[in-house]
Amino acid sequence: MNYIDLNDRQREALLHTEGPLLILAGAGSGKTKVITNKIAYLIEEKKVFPSKILAITFTNKAANEMKERVRSLIDVDVDAMWIGTFHSICVRILRMNIERINYTSNFSIYDRDDQITVVKESIKELNLNKDVYKPRGVLEIISKSKNEDIKPDEYINQNYMDFYARNMGEVYALYEKKLKENNALDFDDLILKTVELLERDEEVRNYYRQKFEHVFVDEYQDTNTSQYKLIKLFCRENPNITVVGDNDQSIYKWRGADISNILNFEKDFKNAKVILLEQNYRSTSNILTVANEVIKRNSDRKDKKLWTDKDGGSDVVFMEYRTSIEEEKGVIEKILHMNYKGYNYSDMAILYRTNAQSRGFEEMLVREKIPYKIIGGLRFYDRKEVKDIIAYLRAIQNPSDDVAITRIINVPKRGIGLSTVEKLNAYASENNLSLFEVINTLEENDQLNLRSKKNIKEFSNLMNLLISHKDELKISDLIEKILYESGYIKDLETENTVEARTRIENIKEFGSTAVSYENDNELGTLEDFLSGVSLLSDVDKTEDSERGVKLMTLHAAKGLEFKVVYLVGLEEALFPTSRALESDDDIEEERRLCYVGVTRAEERLFITAAQTRTLYGKTNPTLRSRFIAEMGNTIEIVEPQNKIDTASKNLVEVKDLTTYKPSKVTQSFMPKKTETEKKESLNVSVGDKVAHKKWGEGMIVSKTEKGDDFEIVVSFDGKGLKKLMMSFAPLTVVK
DNA sequence: ATTTGTTCTTGTCGG
DNA sequence: AAGAACAAAT
């Protein structure tokens, strides 16, 4: 093997095989190359056993790529190494050891939807109002508490004086109780329970500490508190740990990622060596200049500046269209043009901030017959029919899984409706039984009528039949049995609509994933198959070889690269997102996201925006994103051909759109009044300068219809953003 | 009485 | 798109 391919910095990282090492790797600086070469070097030169190597990534795709690249470097059994995501490694450890902390190893894994279901049940059971205690919001609190290792009773005690928060603590407590009863773990638990296991059980802890002589962590800037704890638990004295990350690409704060993990590495690990990789092998220097120009505005970061020895390349171009529809059209025209110039469609990607933006581009691509692939969005495994089948499998594997049972008890329809399920649930919690146990001991229950009992009996027979076949059937055959015995397929066939037929197709495709799983893992169990399915992330489900233009969110694009990138929707309140506008920290995260987007491009980068955007059927005027101004003269601003360019015309257009379309109700109930009221109130639009009695002068950032009134957000000079109702605010227009 | 089908509302980021 | 509220069917 030769290591000449590496630059000096990279080689230095490779040769540092003892003790902690932090590699600060800028975008496109060859970090995967360094990790894989280092692993190969350890095995070949340092005679480290592959089974003593642990490498943790964030996606399965990254893990597989790492395995492949090590395999291509040296002749080694890569499956002996532990290379996987945080979650898959934890599941592997838990399946072997979870009995030590009082679970059984056939536990279910709950995804976000399952979590919401449990939260809703808990809210209901505690007789709380779900409009006040919003399930999504409560779940956010629960997840946050879990990641900070705050237990329900602690949370309740901390918030004892706050009625609202205390009740959320009660929901949290019940949620945890239910998960335990269902023998289920959520995504957060996978990490937390592993931490708990290692903390409590010295034997297990020492086993893994001994086993993992060399630990690698990729995307270290994205680790959260519990993941950090886990890493620490794997480490012995002066550990051989290599972490790779880029603080400028930390974009998962909302998921609990703690950027201080990477910023504090040198404090946390004594005698840590730090190596900076700043040479970029991906992009032209023009693209890097834009990236550097944007990211340098962030305050809390390790200073790092990408450079390249490549030529300048083409200018980075910004185009602002009049409407979002014109933006979509313009980008598609550009795609056709670049294709004509010799770029393949598969070399191009459209990157956007929110999934909702994909639809317009998709329609245009279909119209022009350009091949494309949307990554993320409505995911295959999130489809109703696929989730139903998975729920059947989960219920078979772990009958205590009430969420799975509830999902399928009346799918396909078998006459067990809402009120019956409610009764069963009530009986279950009263007697501390699982739903499945209640179903199996129906005779004792006298609250149900005969018809319901008969239907339930049929369902329980079905489930018991399926469970009895669990061990003797292959997974794919079990799936077939489920589809046949439950009548699921028959139901869809009778429906005989286009929709039903695609559902059948999807189910078939799911069946074939089971077949290929069996081919790859001869000894694979149902449990392993199910964990694999639930731990897949978006990015994992897309093949590299896929043809066509790729559409994805900026988050999904991290780690990928494309010859031509279209970065779309650079507008205030969209990118940066409206929810970030009021906090500097959040703006910095949006800026990192922008940096990630820019650095995906290898040769050509087109940035676009629209002056009015139609979303959810509403058209609103927009303001150019601050990031465009921050790029300054590193980008070339090009007037799109289909743009109407006189300023006055734009203004008229904008006004028309804002006062357009009062909601249906207001229109029919009080047409005249609405009209006059709106005319009377201040006639301003986004971008106008206004003055406020208290806050001085500022500029209008957004304007949204709220009933008869408009809510406007104004950015006051030196005072920040304020939300105002237009009819009440003492505002005057500044010319 | 209970389940199933239909219409209307609501929310509205990201993995 | 999913849930609530209501209407229709069993």
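Residue numbering restarts at 1 for every chain, and letters A, B, ... go by the order of the sequence lines.
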Given pairs defined as Watson-Crick or G-U wobble with both distances under 3.5 Å, what dot-bracket annotation applies to DNA chain B, with ( ) intrastrand, [ ] crossing, | other strand and . unpaired? ||||||||||.....

What is the separation between atom CG on A:N224 and atom P on B:dG15, rounded to the nearest whole Å? 17 Å

Going by side chain to side chain donor-acceptor pair (under 3.5 Å), name the residues that satisfy it together with A:S452, two or more places apart in sequence or in a different chain. A:N449

Hits for side-chain contact (heavy atoms from CB on, under 4.5 Å) against A:D402, two or more places apart or cross-chain, chain-then-number order -> A:N182, A:S434, A:L435

If you measure from the ring centre of A:W254 to the centre of the six-membered ring in the base of B:dG14, is it under 5.5 Å, with the planes under 30° apart? yes

For A:R92, salt bridge (charged side-chain N to carboxylate O under 4.0 Å, His left out) partners two or more places apart: none

Please collect all salt bridge (Lys or Arg N to Asp or Glu O under 4.0 Å) contacts where either partner lies in residues 405-416 of chain A, sequence neighbours excluded, each pair once. A:D388-A:R407

All salt bridge (charged side-chain N to carboxylate O under 4.0 Å, His left out) counterparts of A:R451, not counting sequence neighbours: none

In whole angstroms, the gap separating P of C:dA1 from CZ of A:R136 amounts to 15 Å

Answer yes or no: is there an ion pair linking A:R112 with A:D186, defined by an N-O contact shorter than 4.0 Å? no

In this structure, how many angstroms lie between the P atom of B:dG15 and the CG atom of A:L139, rounded? 16 Å

By side chain to side chain donor-acceptor pair (under 3.5 Å) - contacts of A:N506 (at least two apart): A:E385

Where the side chain of A:N355 is defined as all heavy atoms beyond and including C-beta, which of B:dT2, B:dG14, B:dT12 is the nearest nucleotide? B:dG14

Measure all distances between protein nitrogen or oxygen atoms and nitrogen or oxygen atoms of nucleotides 4-8 of chain B, and list the pairs falling under 3.5 Å.
from  : atom 1 : to     : atom 2 : distance (Å)
B:dT4 : OP1    : A:G415 : N      : 3.3
B:dT4 : OP2    : A:N410 : ND2    : 3.0

Can you tell which of B:dG15, B:dC13, B:dT3 lies closest to the side chain of A:R353? B:dC13

Once you round it to whole Å, what is the distance between C1' of C:dA2 and NZ of A:K384? 13 Å

Side chain of A:K423 - closest among B:dT2, B:dG14, B:dT3: B:dT2

In whole angstroms, how far is the P atom of B:dG15 from the NZ atom of A:K253? 18 Å

Test your reading of the model: is there a side-chain donor-acceptor pair from A:Q221 to the backbone of A:D248, 3.5 Å cut-off? no

Polar pairs (N or O, both sides) under 3.5 Å between protein and nucleotides 4-10 of chain C?
from  : atom 1 : to     : atom 2 : distance (Å)
C:dA4 : OP1    : A:K130 : NZ     : 3.4

Pick base, sugar-phosphate or nothing for A:S578, based on heavy-atom distances below 4.0 Å to the nucleic acid. nothing

Between B:dG14 atom P and A:D222 atom CG, what is the distance in whole Å? 17 Å

Nearest to side-chain heavy atoms of A:K120, which nucleotide of B:dT3, B:dC13, C:dG3: C:dG3

Sequence-distant partners of A:D218, side chain to side chain donor-acceptor pair (under 3.5 Å), two or more places apart: A:K31

Donor-acceptor side-chain pairing of A:Y175 and A:E121 below 3.5 angstrom: no

Looking at B:dT3, B:dG14, B:dC13, which one has an atom nearest to any side-chain atom of A:H555? B:dG14

Tell me: CG of A:D188 to P of B:dG15, nearest whole Å? 17 Å

Any residue meeting salt bridge (charged side-chain N to carboxylate O under 4.0 Å, His left out) with A:E140, in chain and number order, not counting sequence neighbours: none

At under 4.0 Å, does any side-chain N or O of A:T420 touch on OP1 or OP2 of B:dT2? no

Name all residues meeting the salt bridge (charged side-chain N to carboxylate O under 4.0 Å, His left out) criterion together with A:E588; count only those two or more places apart in sequence or in a different chain, and write none if there are none. none

